[in-house]
Engineer: 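Sharing a structure here in C-alpha cells format.
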Amino acid sequence: MSTENAAVGTDGPARPPDARARLEGELMAEAMALITTAYDNLDGLLERADALAERAAECGFERIRALGRLGRAEMLSRTGHVNDGLSIVQDMLRWADSTGDLLVTARGHALLSTGLHRLGAWAESLPHAQASVRLLDDSAPLAMQADHALILAMLTNCQRFEGTVTPALFDRADELARALGDPVMVIANLNNLAYTLYETGDIPAAFAAVERLRAVAVANGLQLNAAVVDTVAAVLLERGQAAEAERLIREAVARRVNYTDAGSDVAALLTYAELKLRAGDHVAALRAAERSRKLATDAGLGRHAAMALRKLAAIHAATGDHRTAYEDMVDFHTEWERVRSADGDAVASVMRALFDFEQVRREGQRYRELAERDPLTGLWNRRYLEGRLAVLLDDGPAGPRFVLCLLDLDHFKQVNDRYTHDAGDAVLRVVAGILEQACGPESFAARLGGEEFVVVLVNSSKAAAIAKCEQMRRTIAGQPWPEHGVRMPVTASIGVTVALPGDTLSTLLRRADKHLYQAKRAGRNQVGASS
C-alpha cells in the first residue's frame, strides 16, 4: 500500500515525529469511525467526513484525506444522493490509481458496489464488492475488512440463484465484526442474513437470525435502527406475530429511531401498512401508505415513492375501490419507469466513466511497461530492475529473500564481428527467451545492456539458484546456434549472490560481478558463487 506523504502541513510548526504519528493515528481512527458509525446513525457524519478530509489535507496525510472524501461519498449515497456520491468515488479511484494506494482503491470499490446497487445495477455492483475484499490484506484496518465483508455477503446474496443463500460469506462478516468488537455491525450483518432468508421464503431460518440479532441488541443495550426494525417486523408478520410486529414499528416511528439509509422510515411505514391491511384496518393502512409516499416524494426518493403507490393500489383494491386502485397502478408504472430510466442513465454514465478510466489506466500501464522493457529482447530493463529490487530489498525485519544472478555471454563481440549485428541480436533474443522461461511466477529476468543480463530468483536458496543457473548455462550452450546464423559456440558465465540485509542494487551487482569474474577467470561457461 502507498506510503503517506510526510510533508508538514500548514497548521503550525513542524511536530516531532512521535506527535505527528499520533495525529495520523487519530485521524485514521476517525476515518474508520465514519465507517462503523454509519451502521448506527448518520447524524452529523457528513460534517465529520468533511472535517476529516480538510484536517488531513492540512497535515499532508493524503490517504486519510481521500478516505474522508470517500466518507462524504458514502453519506451522500446513503441519504439518496447516489450520483453525487459516485462522482466523488470515481475521483478518489483516479487519485488512488495514480499513487498506487490499494487501501483507498479497495474503499472506492466498496462504495462503487453499494452505489450501483442502490441504482438497481445489481450485476454491475458485485465485481466491485469482490474487488473491495480482494484488495485488502490482514494489515488493513479491521473496520474496513468487516465492512467490505458485510457488503460482499449482502450483494452476493442479492443475486442468488434458485433461492440459494451463501452462509459462509455472512459467517465471515460476522467473524470480522465480532473481532472488531462492534455489536452494531454484528446486528447489521444478521439483519442482511435475515432479510435474505425472508426473501427466499425460509421464514424459520429468517426468524432464527432475527432472534440472534435481537439477543445481541439486548446484551449490548442497543436500540434497533429503522432498517432492522423493518426486517424484524416483516419476519414476525409472516410468523403470525402481527401484534409484536406492530408494536416494534409503532415504537420505531414514534421515536424516530436511528436511520442508516434514505427511505428506511418509508420502508418501515410500508411494512406497517401491510400489517394493517392484513388485519383489515384499511383506514390505518391507507394512512400509513400515504404518509410513506409523502415522505418519499419530499425526499426525492423515486423508488420508494413508486413502492408506496403500489401499496396504495393494493389497499384500494382490498376496499373495493378498483378505479382508484387502477389509477394508483398506472401512476406506479409511470413512476417506476421514470425511476428506472433515470437510474439507468446514471448507471450508464458511471459505467462509461469507469470504462474510460480503465482505458486510460491500461494505456498508462502499457506506456509504463514500454518504458521498462528492453525493445530488442522484450525483457525488463535496468529501470524496472531498480524499482523492483527497491521493493524486494525493503522486506521487513526478515530481510530480503532472493538471489541475484548476473549473466554475461562469453566472447560475444566475436559474434557481432564475424556474423553481423543481426546475428548477434538473434542470439540475444534467444538467450532472453531461455532466461524468461527459467523464471517462475515471482522471479524475473532483465537486460542490463549489451550482452549482460540479470535473473532475480525470489524465495530461492543459494543452492537452488546455482542449480537453476547451471541449467540456464547448459541450455544456452546446447542451442543449435548455426540455425541462427552463428557457427561458433555461444556460452555464458554467471555470477550468483544472495541478497543480504542492507544491500542495494549497487552492492548486489558489485558482489555478483566479482563472482562472474571468478567464473570468467576459471575458463568461462561456468557459474561463480564463492563467498
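Worth saying up front: this structure is predicted, and the values here are computed from it rather than measured.
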Engineer: With E386, which residues qualify under salt bridge (charged side-chain N to carboxylate O under 4.0 Å, His left out), at least two apart?
Structural biologist: R382
Engineer: Output all residues satisfying salt bridge (charged side-chain N to carboxylate O under 4.0 Å, His left out) with E47, sequence neighbours left out; order by chain, then residue number.
Structural biologist: none
Engineer: Got a sec, which residues hit side-chain contact (heavy atoms from CB on, under 4.5 Å) with A268, two or more places apart in sequence or on another chain?
Structural biologist: D230
Engineer: Please identify each residue that fulfils salt bridge (charged side-chain N to carboxylate O under 4.0 Å, His left out) with D202, with sequence neighbours left out.
Structural biologist: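 Result, salt bridge (charged side-chain N to carboxylate O under 4.0 Å, His left out) vs D202: none returned.
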Engineer: For R65, I'd like to know if atom CZ has over 12 heavy atoms of other residues, nucleotides or ligands within 6.0 Å.
Structural biologist: yes
Engineer: Do the numbers put R373 on top of the ring of F444, so that NZ or CZ is under 6.0 Å from the six-membered ring centre and no more than 45° off the axis?
Structural biologist: no
Engineer: Decide yes or no for N225 and N191: does some side-chain heavy atom of the first lie under 4.5 Å from some side-chain heavy atom of the second?
Structural biologist: no
Engineer: Ignoring hydrogens, what is the shortest heavy-atom contact between L27 and A56? Give both atom names and the distance.
Structural biologist: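 Heavy-atom minimum between the residues: CD1-CA, 4.1 Å.
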Engineer: Go through the structure and list residues passing side-chain contact (heavy atoms from CB on, under 4.5 Å) with R310, not counting sequence neighbours.
Structural biologist: M307, M329, F332
Engineer: To the nearest 0.5 Å, what is the distance between CG on D50 and CE on M75?
Structural biologist: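 These two atoms lie 10.0 Å from each other.
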Engineer: List the residues meeting side-chain contact (heavy atoms from CB on, under 4.5 Å) with L500, not counting sequence neighbours, and say none if there are none.
Structural biologist: D503, R511
Engineer: With a 4.0 Å cut-off, would you call E24 and R20 a salt bridge?
Structural biologist: no
Engineer: Considering only residues two or more places apart or on different chains, which pairs with a residue in residues 185-194 satisfy salt bridge (charged side-chain N to carboxylate O under 4.0 Å, His left out)?
Structural biologist: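 Non-adjacent pairs meeting salt bridge (charged side-chain N to carboxylate O under 4.0 Å, His left out): zero.
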Engineer: Listing request: all salt bridge (charged side-chain N to carboxylate O under 4.0 Å, His left out) pairs with a residue in residues 103-117, at least two apart in sequence or in separate chains.
Structural biologist: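 Residue pairs passing salt bridge (charged side-chain N to carboxylate O under 4.0 Å, His left out), neighbours aside: E74-R107, R107-D147.
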Engineer: Within a strict 4.5 Å, meaning less than it, do heavy atoms of the T504 and T507 side chains meet?
Structural biologist: yes
Engineer: Residues two or more places apart in sequence or in another chain: which of them pass salt bridge (charged side-chain N to carboxylate O under 4.0 Å, His left out) with D138?
Structural biologist: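 Once residues adjacent in sequence are excluded, D138 has no partner under the salt bridge (charged side-chain N to carboxylate O under 4.0 Å, His left out) criterion.
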Engineer: Any heavy-atom pair between the side chains of L457 and S443 that's under 4.5 Å?
Structural biologist: yes
Engineer: About how many Å separate CG of L197 and CG of N192, when rounded to the nearest 0.5 Å?
Structural biologist: 11.0 Å
Engineer: Can you name the residues that form a ring pair (Phe, Tyr, Trp, His ring centres under 6.0 Å) with F402, not counting sequence neighbours?
Structural biologist: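 Not a single residue meets the ring pair (Phe, Tyr, Trp, His ring centres under 6.0 Å) criterion with F402.
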Engineer: Partners of A194 by side-chain contact (heavy atoms from CB on, under 4.5 Å), sequence neighbours excluded?
Structural biologist: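 A194: side-chain contact (heavy atoms from CB on, under 4.5 Å) contacts with A209, V210, T231.
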Engineer: Who are the side-chain hydrogen bond (donor to acceptor under 3.5 Å, both in side chains) partners of D84, not counting sequence neighbours?
Structural biologist: none
Engineer: Drop me the distance from L176's CG to R172's CZ, to the nearest 0.5 angstrom.
Structural biologist: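 Going from the CG atom of L176 to the CZ atom of R172 covers 4.0 Å.
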Engineer: Roughly how far, to the nearest 0.5 Å, is CG of D182 from CG of N189?
Structural biologist: 11.5 Å
